[in-house]
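As the structure lists them, so they are numbered: ligands from 1, and atoms in each ligand from 1.
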Amino acid sequence: MNITVKTGDLLHESSDLAILAVFEDMPLPDNVAGILEPADFRGRAQQTLLLYPRGAVAPRRLLLVGLGQRDKLTTETIRQAAATAVQQARAVQVPAVTIGIHGDVPLPAQTTAQAFAEGLELGAYRYWPYRTGLTTEETFEVERATVVTGDSEEPIRQGIGHGQIIGRAVTYARDLVNHPGYALTPAVLGEQAIALGQRLGLQVKVLDKTQLTEHGFGGILAVGKGSANEPRFIVMEYGTPGPDRPTVCLVGKGLTFDSGGLSLKPADAMETMKSDMGGAAAVLGALQVVAELGLPLHVVGLVSSAENMPSATAYRPGDIVTTLSGKTIEVLNTDAEGRIILSDALFYAQRYKPAAIVELSTLTGAIIIALGSHATGMMATDQALADRMSRAGEARGERVWQLPLWDEYHTMIKSQVADLKNIGGRPAGSITAGAFLAAFVGEYPFVHLDIAGPAWVDRPTRPTESQGGTGVGVRLLTEFLRDYAPAV
Ligand code: BES
Ligand code: ZN
Ligand code: ZN
């Protein structure tokens, strides 16, 4: 969507559809109040009303969108209102809309505009490459939006720019997750990273099976062994390190499909397992944002990618894997594969001597039992880093909730025959997984984010959501990195 800004008064600008966001507790403009029954529209959050003003105001159609009470306004309300608006505009098939807010907004103009643009991008998102026989009404897209404002244009323009960058990165991550496992293999994910790098000027390196073998990526190789789609390790680098450019490593789990392997999952648990690369998608999306915003940081994206399949060549329960770090893992359940492939990536991250290692993975079903889909589970070896991440989550509406990493949990994953075993039993399943990962980061400040809950939605409950991949993590990482970047 092309979004521009213009100075003026929305109701005086001619337009096929003007979208006017209004507060519940503020009177409507007189010429609008005159053409509706007050009982029909109160301006509650997400409430809409389409009017045909017939000359009462300049636009041919007027869509009122509620923002709720003015003193309760949040960026999330704005995002949802914008998403609702774009869906309504699509329903009446208007390709170019004008947009305005009635009354003083109690948030900075840039923040408001950013949330609005994010909402427009997210509300317009659908994953339909495999749908056939769609009608022109169904495929209709709103192409242009013009924000009409009486305030100064520049902060609004900035906010829209940022909002679109973030919104598009989230939809990019959603696309990656929604692609079926046969279409998005580890090799294809590697090609995606290369294409992203070319577009954004990142240094990208993709290691194939031969190179992984040569360098001893035992964890990735073991998990990938059962599949005809060979594994990959992806390195994406933005910027260069420097005294005022701290290095942050972003590490993502990229299981393009997780069948469980020989410890096969039940059929219903496998249905959504093309989404087991949601961590990798968030890393790619975040790198896109970082590069497009030009943040003063050195960011290294690392993705371990494999397909976990049962076959005659698959790794087995009882196998002992020697990882890149030299540490050995006793495999007791081939379905606890994420921590095994991540062990190589986390060890690899140490070579950058990073100020922080942030890792995202759809790691455990147990975190869904604990938190549902409303939050990401967080475990950290550095409390200051964890606090920053919590704040970023609160600020962007992608909540994280911390769990402890006490010594006892590390004891639960000690093996008799190897350094570690890959499962610690049912109790504290998410924490023992986090403790396992922490064994591979050395002394570097480390945050593990288990996104298994929020990475996927079956039934969308808000206009900014769509069925399938959510792109969770992109906004969280973006906010974290923006806050982390030294002030310029
Ligand atoms: N990819 C799954 C975790 C998962 C489950 C993500 C549901 C999203 C939704 C992971 O590889 C896995 O299978 N974990 C096992 C670990 C167990 C064997 C210790 C799990 O959670 O059941
Ligand atoms: Zn698994
Ligand atoms: Zn998995």
Side-chain angles (χ1 to χ4, degrees), residues 177-178 181 184 186 189 219-220 222-227 229 231 251-282 303-310 314-319 321 329-345 359-377 379 403 409 412-413 415 420-437 448-458 468-473:
V177 171
N178 289 333
L184 192 101
L189 191 59
I220 300 178
V223 172
K225 252 170 61 172
S227 172
N229 295 312
V251 180
K253 172 177 173 181
L255 261 290
T256 56
F257 183 70
D258 179 13
S259 70
L262 288 172
S263 312
L264 196 65
K265 285 182 185 292
D268 57 346
M270 223 187 276
E271 281 177 7
T272 59
M273 279 301 130
K274 67 174 182 182
S275 69
D276 209 17
M277 32 58 69
V303 169
S304 289
S305 185
E307 185 177 46
N308 189 19
M309 289 299 223
Y315 77 139
R316 314 157 187 79
D319 281 1
V321 175
I329 301 170
E330 180 188 10
V331 179
L332 290 173
N333 187 318
T334 62
D335 196 12
E337 83 299 332
R339 60 199 80 178
I340 301 177
I341 62 167
L342 286 166
S343 72
D344 286 346
E359 170 273 333
L360 299 94
S361 47
T362 45
L363 201 64
T364 65
I367 203 70
I368 309 177
I369 303 303
L371 301 174
S373 59
H374 307 294
T376 288
M379 284 136 263
L403 299 170
Y409 300 113
M412 289 168 76
I413 46 169
S415 162
L420 297 158
K421 55 184 178 185
N422 81 328
I423 51 171
R426 277 167 65 81
S430 299
I431 304 181
T432 53
F436 183 102
L437 298 176
H448 157 56
L449 299 167
D450 192 337
I451 58 170
W456 181 271
V457 281
D458 274 323
T470 59
V472 72

Revision key, fill the gap. Ligand 1 atoms nearer than 4.0 angstrom to some heavy atom of D258 are 1 (N), 2 (C), 10 (C), 11 (O), 13 (O)

Review point. Who gets closest to atom 19 (C) of ligand 1 by heavy atom: V223, I423, I341, L255?
Key: I423

**Study point:** Close side-chain approach of N178 and W456, heavy atoms under 4.5 Å
**Key:** yes

Practice item. Confirm or rule out an N/O/S atom of A336, from backbone or side chain, lying less than 2.8 Å from the Zn ion (ligand 3). Key: no

Check your understanding: If you round to the nearest 0.5 Å, how far is OG of S259 from CD of E307?
Key -> 7.5 Å

Check your understanding: For the atom pair CG (L262) and CG (D335), what is the distance rounded to the nearest 0.5 Å?
Key -> 11.0 Å

Revision key, fill the gap. At the Zn ion (ligand 2), OE1 of E337 and OD1 of D335 open up to roughly (10° bins) 120°

Point to revise | the Zn ion (ligand 2) contact by D258, N, O or S atom under 2.8 Å | key: yes

Point to revise | the Zn ion (ligand 3) - name of the N/O/S atom of D276 that sits closest to it | key: OD2

Point to revise | For N333, the ligand 1 atoms whose distance to one of its heavy atoms is below 4.0 Å | key: 18 (C)

Practice item. Measure the distance from atom 21 (O) of ligand 1 to every protein heavy atom, then report the residue, atom name and distance (to 0.1 Å) of the closest one. Key: G365 N, 2.6 Å

Check your understanding: Relative to the heavy atoms of T364, which atoms of ligand 1 are at a distance of less than 4.0 Å?
Key -> 3 (C), 21 (O)

Practice item. Name the closest protein heavy atom to atom 16 (C) of ligand 1, giving the residue it belongs to and the distance to 0.1 Å. Key: R339 NH2, 3.9 Å

Practice item. With rounding to the nearest 0.5 Å, note down the distance linking CD1 in I220 to OG in S343. Key: 8.0 Å

Check your understanding: Is there a side-chain contact between D258 and K265, using heavy atoms and a 4.5 Å cut-off?
Key -> yes

Check your understanding: Less than 4.5 Å apart, any side-chain heavy atom of T364 and any of R339?
Key -> yes

Review point. Of all the atoms in ligand 1, which lie at a distance below 4.0 Å from a heavy atom belonging to K253?
Key: 1 (N), 10 (C), 11 (O)

Point to revise | Residue, atom name and distance, where the atom is the protein heavy atom closest to atom 10 (C) of ligand 1 | key: L363 O, 3.3 Å

Review point. Okay, side chain of D276, backbone of M273: is any donor-acceptor separation there less than 3.5 Å?
Key: no

Check your understanding: Under 4.0 Å from any heavy atom of A452, which atoms of ligand 1 are there?
Key -> 6 (C), 8 (C)

Revision key, fill the gap. Separation between CE (M277) and OG1 (T256), nearest 0.5 Å, reads 8.0 Å

Review point. Among E337, K265, M277, which residue places a heavy atom closest to atom 11 (O) of ligand 1?
Key: E337

Practice item. For the pair D450 (side chain) and L363 (backbone), establish whether a donor and an acceptor sit closer than 3.5 Å, ignoring hydrogens and angles. Key: yes

Exercise for review: May I ask you to test the K253-E337 pair for a side-chain heavy-atom distance under 4.5 Å?
Suggested key: yes

Check your understanding: Considering only protein heavy atoms, which is closest to atom 15 (C) of ligand 1, and at what distance to one decimal place?
Key -> D335 O, 4.0 Å

Practice item. For S263 and N333, indicate whether the former's side chain and the latter's backbone hold a donor-acceptor pair under 3.5 Å. Key: no

Check your understanding: Should I368 be counted as touching ligand 1, given the test is an N or O pair under 3.5 Å?
Key -> no

Point to revise | Closest protein heavy atom to atom 8 (C) of ligand 1, given as residue, atom name and distance to 0.1 Å | key: M273 CE, 3.5 Å

